[in-house]
Protein chains: 2
Amino acid sequence: MKPTLRAVAEAVGVSRSTVSNAYSRPDQLSTELRRRILDTARQMGYPGPDPTARSLRRGFVGAVGVLFTSRLSYAFTDPFAVRFLTGIAEAAERHGSSLLLVPLPADPAGAGKAVENAAVDGFCVYCAGDEEGILDTIRGRGLPFVTTAARPRAGDRWVGIDERAAARSVAEHLAGLGHRRVALLGDDVLSDAATGPLRVADVADVPHPTTRERLAGFADAFAAVGVAWPELTILSAPGNTRAAGAAAVRALDALAEPPTAVLACSDVLALGALDALAAAGGPRRAISVTGFDDIAEAATAGLTTVRQPGEEKGRSAAELLFDPPADASAGQILLPTTLVVRTSSGPLPRS
Amino acid sequence: MKPTLRAVAEAVGVSRSTVSNAYSRPDQLSTELRRRILDTARQMGYPGPDPTARSLRRGFVGAVGVLFTSRLSYAFTDPFAVRFLTGIAEAAERHGSSLLLVPLPADPAGAGKAVENAAVDGFCVYCAGDEEGILDTIRGRGLPFVTTAARPRAGDRWVGIDERAAARSVAEHLAGLGHRRVALLGDDVLSDAATGPLRVADVADVPHPTTRERLAGFADAFAAVGVAWPELTILSAPGNTRAAGAAAVRALDALAEPPTAVLACSDVLALGALDALAAAGGPRRAISVTGFDDIAEAATAGLTTVRQPGEEKGRSAAELLFDPPADASAGQILLPTTLVVRTSSGPLPRS
DNA sequence: TTGAAAGCGCTACCAG
DNA sequence: CTGGTAGCGCTTTCAA
């Protein structure tokens, strides 16, 4: 059994407060006494105040919780999520805070429990699919949080982009190149949707908010050139992995009139699409592909995409948590996005 | 102020134990009573038992600490580290445990404090540079841990590869192709070394254990074909980033007789080397480059490298922590490595 | 500069 | 099935 602070106090012959002070408030006792206490403690093998007990007493933990909607291990699969985490880590380092990555079980009840059991001072929530339940649980605990939801809720601290406008910008680029018969590729377009083309009556039916906003943005641009929603091919790629993106695009082969362009909701999916097209060869190669996020591989793959600042998103989120702006209206940070045109998009091949 | 368990107990008119049981041991009370308690709790806005208090009482936290030697935010910079984390996350998910990422300040004292203050049940330590101090602190706390150090210390739980043999395997490949004048490229070869060529009297002087083992492995292979240590050019690329790798290789231009091959201690550095060579063009392009780890980009870049199983390393480490093998001798897991030959290495250009 | 007292919020044993 | 008791290990007024 490890010795406790109490044991050290008894050994040295001082009160527990004094030992506590020796660790946490060196200015409250003589250097001499402090040294004696610390030395004895070392000799006895006392590892210093127990973090949990200290947290309980102080009412402060020194850790921020990070919540990903999807499975935690999947989060590392998307380079954009990793960049977000990097930003959070930077800010946390600066504030001497740790990061608690909390895996959320798929079932809402389990997820709630996980959030309730997390010993943290606040949360950064990364684009949770059905995040409302989660946010309510956090509110229930009275803990501060920052979201990156597709759209901010009044009063919540938030950092994000204008998803819809950003999506619209790539779509306009493609429309400008003459594309009219296009496919929109998203992760998890409808819950439990299989890989491949899909019928979605209304974009509002898409459950995942981010996917919904991006699809809506794509649709906006095409509506403006006379292509209505039902004419768009919707492709679902469950999992947001490169493989899923490739599989979804391969499913296009079944179509009589394949699209001339594929607009993906993420770079990971878009890269998968490129994989599938490259493997197919032939006229398929002429299909334009666009992504979203601008991860590092997008540049090497020549992928046209929308850039959003990943590290900064994470950094801002964490800073918003650590230093709440006095003025609540400053609690929502809208980050800029840029259309990055590369070689994966081009004019219609003349047929 | 949030209500406490005690307040709920009083409101319902039962003892605190009963309320506690309602949350943690449903089988200890009637469904009826439980429902009544939970309902009142909800009404009062009681968020459930406080995680910190519960941990203190139970003596168990439900989180494993993850320690990276380098700055936490740098850890996400290396895809291999991310894969390691992915593996840990998978195992943690399975065990319902959270991951506490603890940023370690550069100074040893600060790092010690950080480790002492982490509320966790155990640690996974990722290849810490001077990790001995850290490990001692963990031992001092009496917490279990698993390392991925370059070499296991008897009795410690460990998962890793035979660094030296693995490094030797790529070097032999290059030596077999006829290379004799080569440069070895490592992160942080000597502390505070500037970018570029370096004089290292003895490989044993390299402080970072992993770098040291890998360099030693490279050297082994060349020694076997008659190229002694002092004839090898040592290149330091502080930071283990692609940019650092590129910069270090550019520094080769200053040499009268540039090497015909560059052996990097990580894929990230190797990719940087390729960047620099591609930008240089001309005969430089003929320089062979090899990496270490086999990250995803290695494949697309055609990088010859040594593959080590990243996710599995993380997964095994976490499993070793969660389910300590009864037989202590099973506490050290040696993972296999493979030489992966791609296009970045080739025979000597005839001069 | 030091120490005594009073919990932080909860759980687990054990007797009823 | 229920509740009293006894802390988990520490910090922090406040008075000496």
Side-chain angles (χ1 to χ4, degrees), chain A residues 1-38 40-41 44-62 113 116-121 140-143, chain B residues 1-38 40-41 44-62 113 116-121 140-143:
Chain A
M1 203 45 222
K2 288 271 122 189
T4 66
L5 180 147
R6 168 189 219 121
V8 176
E10 278 162 6
V12 182
V14 296
S15 81
R16 311 196 222 140
S17 348
T18 306
V19 177
S20 174
N21 282 334
Y23 283 94
S24 313
R25 315 173 64 178
D27 51 317
Q28 296 298 295
L29 69 176
S30 63
T31 325
E32 219 277 279
L33 177 54
R34 173 155 192 259
R35 179 174 308 291
R36 217 172 83 225
I37 293 176
L38 262 29
T40 329
M44 301 176 62
Y46 175 65
D50 177 278
T52 308
R54 167 179 278 185
S55 296
L56 176 60
R57 184 57 237 245
R58 299 226 252 222
F60 170 83
V61 177
K113 282 247 161 307
E116 272 161 2
N117 289 330
V120 297
D121 303 313
R141 283 189 58 181
L143 290 178
Chain B
M1 203 45 223
K2 288 270 123 190
T4 65
L5 181 147
R6 168 188 217 122
V8 176
E10 279 161 7
V12 182
V14 296
S15 82
R16 309 196 224 138
S17 345
T18 305
V19 177
S20 174
N21 283 334
Y23 283 94
S24 314
R25 316 175 64 178
D27 52 317
Q28 297 298 297
L29 68 177
S30 64
T31 324
E32 220 277 280
L33 177 55
R34 174 156 191 259
R35 178 174 310 290
R36 218 171 84 226
I37 293 176
L38 262 28
T40 333
M44 301 177 61
Y46 175 65
D50 177 278
T52 308
R54 168 179 277 184
S55 296
L56 176 59
R57 184 56 236 244
R58 300 224 251 224
F60 170 83
V61 177
K113 282 247 161 306
E116 271 162 3
N117 289 328
V120 297
D121 303 314
R141 284 188 59 180
L143 290 177

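Numbers restart at 1 for each chain; the letters A, B, ... are given by sequence-line order, proteins then strands.
Of the possible polar contacts, none joining the B/D121 side chain to the B/F60 backbone as a donor-acceptor pair under 3.5 Å is found. Within the 3.5 Å criterion, the main-chain N or O of A/P51 finds a donor-acceptor partner in the side chain of A/S55.
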Atom pairs and distances, side-chain donor-acceptor, residues 19-29 of chain A, under 3.5 Å, sequence neighbours left out:
{"unit_1": "A/N21", "atom_1": "ND2", "unit_2": "A/S17", "atom_2": "O", "d": "3.4"}
{"unit_1": "A/S24", "atom_1": "OG", "unit_2": "A/R54", "atom_2": "NH2", "d": "3.0"}

Please table the atom pairs, donor to acceptor, closer than 3.5 Å between any side-chain atom in residues 3-10 of chain A and protein atoms at least two apart or in another chain.
{"unit_1": "A/T4", "atom_1": "OG1", "unit_2": "A/R6", "atom_2": "N", "d": "3.3"}
{"unit_1": "A/T4", "atom_1": "OG1", "unit_2": "A/A7", "atom_2": "N", "d": "3.3"}

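Residues A/L33 and A/T18 are in side-chain contact: their nearest non-hydrogen atoms beyond the backbone lie under 4.5 Å apart.
Between the P atom of C/dC10 and the CZ atom of B/F60 lies a distance of 18 Å, rounded to the nearest Å.
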Taking protein heavy atoms under 4.0 Å as touching, what does nucleotides 8-16 of chain D look like 5' to 3' if B marks base contact, S marks sugar-phosphate-only contact and - marks none?
BBBBB----

